[in-house]
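Counting begins at 1 with the first residue of the sequence. Both backbone and side-chain heavy atoms feed into the values below; hydrogens, waters and symmetry mates do not.
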Amino acid sequence: MTDKPTLDQWAAAADKEVKGKDLTWQTPEGIAVKPLYTADDVTVDPGLPGFAPFTRGVKASMYAGRPWTIRQYAGFSTAEASNAFYHRNLKAGQKGLSVAFDLATHRGYDSDHPRVTGDVGKAGVAIDTLDDMKILFDGIPLDKMSVSMTMNGAVIPILAFFIVAGEEQGVDRKLLDGTIQNDILKEFMVRNTYIYPPEPSMRIISDIFGYTSREMPKFNSISISGYHMQEAGATQVQELAFTIADGMEYVKYGVASGLDIDKFAGRLSFFFAIGMNFFMEIAKLRAARVLWHRAMTELGAKDERSKMLRTHCQTSGVSLTEQDPYNNVMRTTIEAMAAMLGGTQSLHTNALDEAIALPTDFSARIARNTQIVIQEETGMCNVVDPLGGSYYVEALTQQLVDEAWAIIEKVQADGGMAKAVAAGWPKAMIETAAAARQARVDRGDDVIVGVNKYRLATEDLLETLDIDNAAVREGQIARINKVKAERDSAACEAALQALRDGAAAPASLENNLLALAVECARARATLGEISAAMEESFHRYGTQPTPVKGVYAAPYAGDSRWQQVLDGVQAVERRLGRKPKLLVAKMGQDGHDRGANVIASAFGDLGFDIVSGPLFQTPDETVVLALQNDVDVVGASSLAAGHKTLIPDLIAKLREAGRTDIKVIAGGVIPAKDYDFLRDAGVQGIYGPGTNVVEAAADVLRLLGHNMPPAGIEDAA
């Protein structure tokens with residue numbers, strides 16, 4: 001009988017094979033992943049599925065009993081178009097609805113508001129009135145269909161419309177099933193589709209908890225979201241820690257408002273991103289369940305259901321690439337498998353074209369069928385927690401628990417997540433991680449197939465969906481006008497006044513904002529009117545971006561191309577008598593600012609003078625800022641398909657001001673088929689997803705008249 005090999009023998013054999021190369025992998029989280037795990041690395045018994053702390057799943061039978069719910073997150077321009085899409089998907093095997101709203105709706109504006117001319121219907125469905133909501137769910141029985149709605153800022157009018165739409169279908173609100181995201185803290189950290197300041201926003205959440213716990217026992221009153229944190233650049237440890245800490249804060253507010261923790265905590269749900277770090281994502285979902293059980297025990301929950309973390313997941317949008325886009329099918333499949341092996345309760349799979357546009361029916365079908373194939377063809381659902389007991393997965397799960405809990409303890413020591421968000425350090429941590437990630441990609445340290453390695457010589461043009469923003473807006477305005485003309489104006493104004501009074505008064509059962517908004521919805525008040533009624537007391541919130549410094553530059557120490565661009569910036573500075581000045585502009589109602597912040601950080605590290613414009617600007621406001629700061633270049637960041645309206649308007653207004661010398665460049669989610677349109681409008685540089693930021697800076701220097709050598713060419717001077 002041969003003796004069992006020892007770890008020392010394994011290490012010697014491996015070392016001989018790799019000739020001394022260190023096989024330990026340092027993850028972006030700072031976790032050292034060893035090349036081999038053994039039983040000695042498993043320090044905690046993961047237990048059994050369906051039992052506390054639910055490491056291995058929230059149900060004993062998991063997918064062997066019932067597979068996860070297949071959702072598709074979708075909203076297309078109008079309620080009519082979205083409704084037709086939902087019906088097609090439900091017929092093809094989708095099990096639940098997940099609604100994407102346009103940015104005007106998210107920010108509490110009706111489609112006729114002058115600030116949203118470029119946003120209506122572009123990144124989701126426009127909902128201005130109760131009629132829109134009724135059309136959205138026409139022919140879809142709300143007592144039988146689970147509906148998830150990604151809404152935070154305008155959560156009160158949207159949920160009120162949903163409740164009344166159900167009523168007018170003949171469905172009692174006690175039978176309404178689904179989830180509203182209602183997670184405002186993460187909006188202040190990353191996504192930025194807030195309306196009101198943090199304190200009144202937290203009151204809104206407490207009022208929704210109170211109303212739904214009394215009136216809607218089947219409805220999940222919040223989906224605590226880490227998804228947008230990872231999309232903004234957070235590491236998985238940061239996403240995990242801040243999401244659980246957000247959940248703890250919401251529970252504390254609910255208890256402080258007089259609710260019994262075990263009466264509402266069981267209806268809280270979570271929402272995580274699933275990226276390309278396969279085993280890390282599996283371990284993250286397992287760790288999340290452990291952490292939530294620990295957190296809720298500390299907060300005083302007694303019912304095990306209150307301590308059970310249930311989650312929806314969505315495959316990553318950031319991992320999708322414009323270049324060689326059919327690779328995105330494989331990426332999404334890998335991410336879907338990670339979500340499944342981690343034990344999600346529902347899943348949305350992104351379509352291959354979502355790096356640059358809303359999905360077509362063709363791409364959405366592939367995305368949806370990815371889940372169906374996993375469920376129906378692979379046999380993966382037949383075993384409960386098939387990776388349970390894996391030395392690597394169990395060790396990684398515990399490491400994530402420990403790393404995330406350390407951050408959670410820091411949050412609690414600072415007074416909770418609301419105070420931490422107000423102090424700004426979670427947002428700064430995430431932006432630092434985002435800048436570091438972009439630098440690794442640009443240097444090729446993190447490989448993205450088809451982008452920084454194995455790149456195609458020529459790219460095939462991908463057919464993408466295009467929304468006629470002007471036509472959608474015109475139709476929405478017509479419906480708003482019709483609703484206002486036909487409603488009982490006195491009854492509507494009385495309901496709105498009651499809401500104004502309720503917002504101005506302290507929180508109470510009588511002043512529950514959702515209950516008051518339901519009356520406004522019944523009286524046919526618009527979304528913008530309901531939002532504005534609360535805004536009179538709460539006011540509208542705004543923030544100023546502050547780019548991180550030095551993070552992007554750090555990995556480039558000694559890099560020759562970096563030095564060439566740095567020298568070029570200094571040459572332009574000598575010629576101008578000052579640093580070249582770039583305004584990073586975010587126009588429209590899109591709050592996703594990862595790209596804008598990374599550009600501001602990287603260009604700042606290269607020596608540009610950076611003006612970071614506030615979020616949600618109009619073209620007029622951007623022109624004023626550009627003139628006040630005497631900038632050389634305006635970089636317009638577009639992630640929500642407003643580029644064909646807002647950027648040409650900006651250029652026209654610069655011309656009217658006599659400043660054709662100011663260069664306008666564009667970056668973000670812009671389909672290649674729109675490049676000629678933008679160039680004809682006067683855009684002088686276009687930098688889509690996957691652009692190397694250092695090369696983008698070199699190109700901007702050329703626009704400013706500096707003779708930059710091409711990449712890979714040494715500057716003889």
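- Side-chain atoms of Thr344 come within 3.5 Å of backbone N or O of Ser346 as a donor-acceptor pair.
- Checking Ser111 against Asp128 by side-chain atom types alone, a donor-acceptor pair falls below 3.5 Å.
- The backbone N or O of Pro545 sits nowhere less than 3.5 Å from a side-chain atom of Ser612 that would complete a donor-acceptor pair.
- Between Ile31 and Val33, some side-chain heavy-atom pair lies under the 4.5 Å cut-off.
- A distance-only check finds no donor-acceptor pair linking the side chain of Asn369 to the backbone of Ile366 [under 3.5 Å].
- Of the possible donor and acceptor atoms, one in the side chain of Asn452 sits under 3.5 Å from a partner among the backbone N and O of Val441.
- Contact record, Leu582 with Gly635: CD1-N, 3.7 Å, taken as the closest heavy-atom pair.
- Heavy atoms only, all atoms of each residue included: Val634 and Ala585 are closest at CG1-CB, 4.0 Å.
- Side-chain N or O atoms of Asp605 include one that pairs as donor or acceptor with a backbone N or O of Ala553 at under 3.5 Å.
- Phe271 and Ser223 get closest at one heavy-atom pair: CB-OG, 3.3 Å.
- For the atom pair CE (Met340) and CG (Leu347), the distance works out to 11.0 Å, reported to the nearest 0.5 Å.
- Ion pairing of Arg115 with Glu621 is present here, as a side-chain N (NZ or NE/NH1/NH2) and a carboxylate O approach within less than 4.0 Å.
- For the residue pair Asp132/Gln476, the side-chain donor-acceptor check at 3.5 Å is satisfied.
- Contact annotation: the side chain of His643 never approaches that of Val669 to less than 4.5 Å [non-hydrogen atoms, C-beta and beyond].
- There is a side-chain donor-acceptor pair under 3.5 Å between Gln314 and Asn350.
- Between Ser316 and Met276 there is no side-chain heavy-atom pair separated by less than 4.5 Å.
- Between the side chains of His592 and Asn192, no donor-acceptor pair is found at a separation under 3.5 Å.
- Checked against Val99 for a side chain to side chain contact (heavy atoms under 4.5 Å, CB included), the options Leu136, Thr150, Ile127, Ile158 give a single hit: Leu136.
- A distance of 9.5 Å separates OG of Ser637 from CE of Met587, quoted to the nearest 0.5 Å.
- Under a 3.5 Å cut-off, the side chain of Arg594 and the backbone N or O of Ala434 do not form any donor-acceptor pair.
- Under 4.0 Å is where a charged nitrogen must lie from a carboxylate oxygen, and between Arg679 and Asp676 at least one such pair does.
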(request) For the pair Leu97 and Leu90, evaluate side-chain contact (heavy atoms from CB on, under 4.5 Å) and give the outcome as yes or no after the intermediate values. (result) CA-CA 8 Å; Leu97 296 181; Leu90 291 169; 4.1 Å; yes
(request) Run the numbers on Phe242 and Met429 for side-chain contact (heavy atoms from CB on, under 4.5 Å), then give the verdict. (result) CA-CA 11 Å; Phe242 293 140; Met429 278 183 72; 3.8 Å; yes
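- Between Lys586 and Asp590, at least one side-chain N (NZ, or NE/NH1/NH2) sits under 4.0 Å from a carboxylate O, which counts as a salt bridge.
- Checked for salt-bridge contact, Asp559 and Arg443 meet the test: a charged N lies under 4.0 Å from a carboxylate O.
- With values rounded to the nearest 0.5 angstrom, Ile222 atom CD1 is found 9.5 Å from Ile184 atom CD1.
- Between the side chain of Ser363 and the main chain of Thr360, a donor-acceptor pair closer than 3.5 Å is present.
- By the 4.5 Å heavy-atom criterion applied to side chains, Thr243 and Met229 are counted as neighbours.
- A donor-acceptor contact closer than 3.5 angstrom is absent between the side chains of Thr193 and Asn152.
- Judged purely by distance below 3.5 Å, without hydrogens or angles, the side chains of Thr27 and Glu29 pair a donor atom with an acceptor atom.
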(request) Output, in order, the C-alpha distance, side-chain angles, deciding distance and verdict of side-chain contact (heavy atoms from CB on, under 4.5 Å) for Ile374 and Ile372. (result) CA-CA 5 Å; Ile374 292 173; Ile372 296 174; over 6 Å; no
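- Note that the CG atom of Asp593 and the CD1 atom of Ile599 stand 13.0 Å from one another [nearest 0.5 Å].
- Looking at Arg473 and Asp102, no side-chain N of the basic residue comes within less than 4.0 Å of a carboxylate O on the acidic one, giving no salt bridge.
- Around CD of Glu474, the count of heavy atoms belonging to other residues, nucleotides or ligands within 6.0 Å does not exceed 12.
- Under a 4.0 Å N-O distance rule, the pair Asp361/Arg88 qualifies as a salt bridge.
- The shortest heavy-atom contact between Ala154 and Thr105 is CB-O, 3.2 Å.
- Closest of all the heavy-atom pairs between Leu615 and Gly591 is CD1-O, 4.3 Å.
- Annotation: side chain of Leu400 is in contact with side chain of Leu240 (closest heavy-atom distance under 4.5 Å).
- A salt bridge links Glu239 to Lys284: one of the charged nitrogens lies within less than 4.0 Å of a carboxylate oxygen.
- Contact of the Ile651 side chain with the Ile647 side chain is registered, since non-hydrogen atoms from C-beta on lie closer than 4.5 Å.
- A salt bridge between Arg440 and Asp446 is present, with a side-chain N of the basic residue lying under 4.0 Å from a carboxylate O of the acidic one.
- The main-chain N or O of Ala79 is never found under 3.5 Å from a side-chain atom of Ser82 such that the two would form a donor-acceptor pair.
- Residues Asp442 and Tyr552 bring a donor and an acceptor atom of their side chains to less than 3.5 Å of each other.
- Aromatic ring orientation, Phe608 versus Phe603: tilted (interplanar angle from 30° to 60°).
- For Gln181 and Lys186, the side-chain atoms include at least one donor-acceptor pair closer than 3.5 Å.
- With a 4.5 Å cut-off on side-chain heavy atoms, Phe278 and Leu341 count as touching.
- Across all non-hydrogen atoms, the minimal contact from Val683 to Gly685 is CG1-O, 3.4 Å.
- Taking the side chain as every heavy atom from C-beta outward, Val147 and Met149 approach each other to under 4.5 Å.
- At least one donor-acceptor pair closer than 3.5 Å links the side chain of Tyr227 to the backbone N or O of Thr315.
- Among Val700, Ile662, Val664, the single residue meeting the side chain to side chain contact (heavy atoms under 4.5 Å, CB included) criterion with Val633 is Val700.
- Between Phe270 and Phe272, the angle of the ring planes stays under 30°, which puts this pair in the parallel group of the 30/60° scheme.
- Residue Tyr675 places its OH atom among more than 12 non-hydrogen atoms of other residues, nucleotides or ligands, all under 6.0 Å distant.
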(request) Kindly indicate, with the supporting measurements, whether the criterion side-chain contact (heavy atoms from CB on, under 4.5 Å) is fulfilled by His348 and Ser148. (result) CA-CA 11 Å; His348 164 85; Ser148 173; over 6 Å; no
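- A salt bridge does not link Arg191 to Glu231: none of the charged nitrogens lies less than 4.0 Å from a carboxylate oxygen.
- A salt bridge does not link Arg331 with Glu335: every distance from a Lys NZ or Arg NE/NH1/NH2 to an Asp or Glu carboxylate oxygen is 4.0 Å or more.
- A donor-acceptor contact closer than 3.5 angstrom is absent between the side chains of Arg310 and Gln345.
- Side-chain polar atoms of Tyr109 and Asp119 form no donor-acceptor pair below 3.5 angstrom.
- The main-chain N or O of Ala338 is never found under 3.5 Å from a side-chain atom of Glu281 such that the two would form a donor-acceptor pair.
- Once rounded to the nearest 0.5 Å, the distance linking NE2 of His106 with CE of Met151 reads 4.5 Å.
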